[in-house]
2 protein chains.
Amino acid sequence: MTVKLDQLDRKILRELQRDASQSLDEIARTVGSSKTPVWNRIRKMREGGVIKRQTVLLEAEALGLEACFFVLIRTSEHDAAWQQRFLEALRDRPEVQEAHRLAGEIDYILKVVVANARAYDAFYQALISEVKVHNVTALLSMEELKSGEGLPL
Amino acid sequence: MTVKLDQLDRKILRELQRDASQSLDEIARTVGSSKTPVWNRIRKMREGGVIKRQTVLLEAEALGLEACFFVLIRTSEHDAAWQQRFLEALRDRPEVQEAHRLAGEIDYILKVVVANARAYDAFYQALISEVKVHNVTALLSMEELKSGEGLPL
DNA sequence: TCTGAAACAACCTATAT
DNA sequence: ATATAGGTTGTTTCAGA
């Protein structure tokens, strides 16, 4: 089920990551190939799940989302039922941009994007009323220094 | 310079975030409008910077990037020159997917994606040799529970 | 696998409402 | 501000090498 990627595939992915609105002709030219092979490779990488989806990056501030928090969560509950409920709570909340289960002292990290501090508090209250957590630390982002450059190829 | 967004704009953005490969016709149909207005609105949102760019989301594992770390950094240096050098170090490193300056005890958080733990150590050693930092804590992700859903509209 | 070309679909502009 | 329509560009398929 693993697609093998050669240098040409990686060049194509690099271009797509940089600007997915380019035409096949443009991509073919910059990677030094022609339309059909580029198209076939893109199709295969889509089908093989290497390319998950095509999307747009939006300016959060323009949408009135001016606060970004990283939330560190410790829990005492580690049973399957609790995990399931926690997972569902995260999936249900669109403010949660990203969630990871961690190794070590801290059990989870979330990236949460909301309108303001009050909206974060509403999120926090809702979350802890749904699932029991031992300790929560919120780190407030003052400035995004880097983002959206895509994976290194 | 701020583009005002109405409900139709937001519906269009929701569709674009979900799947930017859709045709104008499809989008127009699902948001309950027709091609020309949808196209004009997209153009305005592009020009106004609401839509930053169009890209593809890739499967990191398929590219051999199997380790994801969140790195918490404390520093004692807070002068402008240090900040500048730190910023440049981050921008130069493609492993750094995201970087934020924080309020509070912890000064910075990074999201770093690399092939494995050894590659992370190489990154870490390179970083601390370039800029002086007081304290670094790395949180290793065991599992990505949520990502790439896009901003809430 | 790639090339080239033909068929098809979508984009973008202009014009009109 | 939205609809209709046509020229232009881009995508997809299919021969053949």
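Just so we're on the same page: letters track the sequence lines, and every chain starts at 1. Computed from heavy atoms alone, side chains included, the values below leave out hydrogens, waters and symmetry copies.
- Ionic pairing of A:Arg14 and A:Asp19 is not present here: no N-O contact between side-chain nitrogen and carboxylate oxygen is shorter than 4.0 angstrom.
- When heavy atoms are screened at a 4.0 angstrom cut-off, B:Pro37 is found touching the sugar-phosphate backbone but no base atom.
- Counting to the nearest Å, the C1' atom of C:dC2 and the CD1 atom of A:Ile12 are 13 Å from each other.
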After noting the C-alpha distance and the side-chain angles of A:Phe69 and A:Leu139, does the key distance pass the side chain to side chain contact (heavy atoms under 4.5 Å, CB included) rule?
CA-CA 5 Å; A:Phe69 290 86; A:Leu139 309 173; over 6 Å; no
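- Look at A:Arg41 and you'll find a side-chain N or O under 4.0 angstrom from OP1 or OP2 of C:dC2.
- If you take CG of B:Leu16 and P of C:dC11, they are 11 Å apart, rounded to a whole angstrom.
- Checked against a 6.0 Å centroid threshold, the rings of A:Tyr108 and A:His100 do not count as neighbours.
- Atom CD of B:Glu47 is separated from atom P of C:dC12 by 12 Å (rounded to the nearest Å).
- With salt bridges taken as basic N to acidic carboxylate O contacts below 4.0 Å, one links A:Glu15 and A:Arg18.
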Contact state string [nucleotides 10-17 of chain D, B base, S sugar-phosphate only, - no protein heavy atom under 4.0 Å]
SBBBB---
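- Salt bridge absent: B:Arg85 and B:Glu130 never bring a charged side-chain N and a carboxylate O closer than 4.0 Å.
- Looking only at side-chain heavy atoms (C-beta outward), A:Glu149 and B:Glu98 stay at 4.5 Å or farther from each other.
- B:Ile27 places its CD1 atom 12 Å from the C1' atom of C:dC11, with the value rounded to the nearest Å.
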